[in-house]
Amino acid sequence: MKAGSAFVYELSRGHESKNQPAIKDLIFTYDGSKKKDSERTVELRDDRGNAYDSIQLKELVEGQHNILYHGSSQFQDITLVEANDLRLYLDQELQFSSLDERHYHEALVFPAMEMASDHERVLILGGGDGLALREVLKYPNVKHVDLVDIDPQVIGLAKTNPKLITQNNRSLLDERVNIHFEDAKKFILRELQPYDVIIIDFPDPVDQVISSLYTIELFSQTAKILSKQGVLVCQSNSPDDTPTVFWSIGKTINMAGLNTLEYNVIVPSFGLWGFHLASHIKLPKIIPSISVQHQALTSDMSNLFTIPTSIKEVRGKAVMNSLKNLKLHKLYKNEIEKW
């Protein structure tokens, strides 16, 4: 496959890890033909993505919507498409729609930031699109953010594509942000100063590799680098579609020695979505209000912490996920197949 067109950008702001090269260019790859942009084809694969997202993406491509980027890194296929909204697909699975991604990212970030005693040092594991980071940087006392994402190509897209830069509000170009292209499991083993807030925004545990991120070993190590009064938050899948996965993530965090508190939010593109807060201290029953600018959530976040009774009833089926006994991807597959 040859490049249909290329755009080169020099970036002088933001910081990459000293062990990794700076992102200086991003090549937009199509089918290599001399057709007009609107006529270029995007090849989709039958072995990637879930059925619903793959069908949707195929319709977008065949509908001649604006394919802003389509290519493959060593980790995944990446497609950024503009229709009535801006959508990012990784391995043909929808990651966000600009129409409602703030419902997810505000819910991911604000409870942890508001409950933490300080915000000076923040760690984000995953989140290479810069959208969670956008919400973190709204807090004026944030001084240092480490963002760890294994795929430089996703970061490159989020730092260079004008549409995505607008969506993430140039967050990845902020001077307070240090970007590390690294496996999160390796990064957290470094000698690190404690973090006031840790945000875990990993993909769903669709396979054994991603399942290995949601383990007692990883949560135990993140607990070591979480400050005594700090707060951790982990995205925990859909309580509707995969309730056992949702509770199992919470149980695994709890078995790592942290106090946990579950909550959920409706994201129209995905339905009900779940999260777990965790801390060395017991989390307060009184939920603070959002103190920074927000769009999707109301200032009063207490409604997020009401879990439907039907989902609570599944809690007893939760299991602990460990490197020696990875179960989460198997649970995920079994629950998804029921739909």
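Excluded from the calculations below are hydrogen atoms, water molecules and symmetry mates; all remaining heavy atoms, backbone and side chain alike, are included. When a residue number appears, it is its place in the shown sequence, counting from 1. Since this is a predicted model, take the numbers as computed values, not measurements.
Contact check for Leu283 versus Met115: side-chain heavy atoms found under the 4.5 Å cut-off. In this structure, the side chains of Met320 and Ser248 stay at 4.5 Å or more apart for every pair of heavy atoms. By the 4.5 Å heavy-atom criterion applied to side chains, Val81 and Asn66 are not counted as neighbours. A heavy-atom distance below 4.5 Å is found between the side chains of Val109 and Ile199. Using a 4.5 Å heavy-atom cutoff, the side chains of Arg190 and Glu182 are in contact. Looking at heavy atoms from C-beta onward, Gln193 lies in side-chain contact with Arg121 at the 4.5 angstrom threshold.
Checking Tyr195 against Asp146 by side-chain atom types alone, a donor-acceptor pair falls below 3.5 Å. Side chains of Asp77 and Gln92: no donor on one and acceptor on the other come within 3.5 Å. Looking only at atom types and distance, the side chain of Asp300 has no donor-acceptor partner in the side chain of Thr298 under 3.5 Å away. In summary, the side chains of Thr244 and Glu335 do present a donor paired with an acceptor at a separation below 3.5 Å, with no hydrogens or angles considered. With no hydrogens or angles considered, a side-chain donor-acceptor pair links His119 and Asn141 at under 3.5 Å. With 3.5 Å as the limit, one finds a donor-acceptor pair spanning the side chains of Asp100 and Ser269. For Glu114 and Tyr139, the side-chain atoms include at least one donor-acceptor pair closer than 3.5 Å. Looking only at atom types and distance, the side chain of Asp85 has a donor-acceptor partner in the side chain of Ser97 under 3.5 Å away. In summary, the side chains of His276 and Thr260 do not present any donor paired with an acceptor at a separation below 3.5 Å, with no hydrogens or angles considered.
Nearest heavy-atom pair, Ser211 versus Thr215, reported as atom, atom and distance to 0.1 Å: O-CG2, 3.7 Å.
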Q: Would you sort out whether Gln235 and Trp273 count as a side-chain contact (heavy atoms from CB on, under 4.5 Å), showing the intermediate values?
A: CA-CA 8 Å; Gln235 88 84 4; Trp273 209 261; 2.8 Å; yes
Q: Could you walk me through whether Ile150 and Phe181 pass side-chain contact (heavy atoms from CB on, under 4.5 Å), step by step?
A: CA-CA 5 Å; Ile150 200 169; Phe181 309 125; over 6 Å; no
Q. Taking it one step at a time, do Leu147 and His180 satisfy side-chain contact (heavy atoms from CB on, under 4.5 Å)?
A. CA-CA 6 Å; Leu147 187 145; His180 309 269; 6.0 Å; no
Q. So Asp151 and Gln76, side-chain hydrogen bond (donor to acceptor under 3.5 Å, both in side chains) or not? Walk me through it.
A. CA-CA 8 Å; Asp151 197 338; Gln76 57 203 340; 2.8 Å; yes
Q: Show your working on side-chain contact (heavy atoms from CB on, under 4.5 Å) between Val197 and Val142 and close with a plain yes or no.
A: CA-CA 10 Å; Val197 177; Val142 171; over 6 Å; no
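A salt bridge between Glu101 and Arg134 is present, with a side-chain N of the basic residue lying under 4.0 Å from a carboxylate O of the acidic one. A salt bridge links Lys138 to Glu135: one of the charged nitrogens lies within less than 4.0 Å of a carboxylate oxygen. The pair Glu82-Arg87 does not count as a salt bridge, with every side-chain nitrogen at least 4.0 angstrom from each carboxylate oxygen. Between Arg315 and Glu262 there is a salt bridge, since a side-chain N of the basic residue sits under 4.0 Å from a carboxylate O of the acidic one.
Note: Ser220 OG to Leu258 CG = 8.0 Å, rounded to the nearest 0.5 Å. The CD atom of Glu106 sits 4.5 Å away from atom CG of Leu297, with the distance rounded to the nearest 0.5 Å. Here the CG atom belonging to Leu137 is positioned 5.0 Å from the CG atom belonging to Asp174, to the nearest 0.5 angstrom.
Of the residues Val245, Ile253, Ile249, Leu326, the one that meets the side-chain contact (heavy atoms from CB on, under 4.5 Å) test with Tyr214 is Ile249.
Ile266 CD1: 12 or fewer foreign heavy atoms inside a 6.0 Å radius. For CG of Asn325, the number of neighbouring non-hydrogen atoms (other residues, nucleotides, ligands) closer than 6.0 Å is greater than 12. The environment of Lys330 atom NZ is sparse: at most 12 non-hydrogen atoms of other residues, nucleotides or ligands sit within 6.0 angstrom.
Taking the six-membered ring for Trp, His103 and Phe270 have ring centres at least 6.0 Å apart.
Classification of the Tyr104-Phe275 ring pair by plane angle, with boundaries at 30° and 60°, yields tilted.
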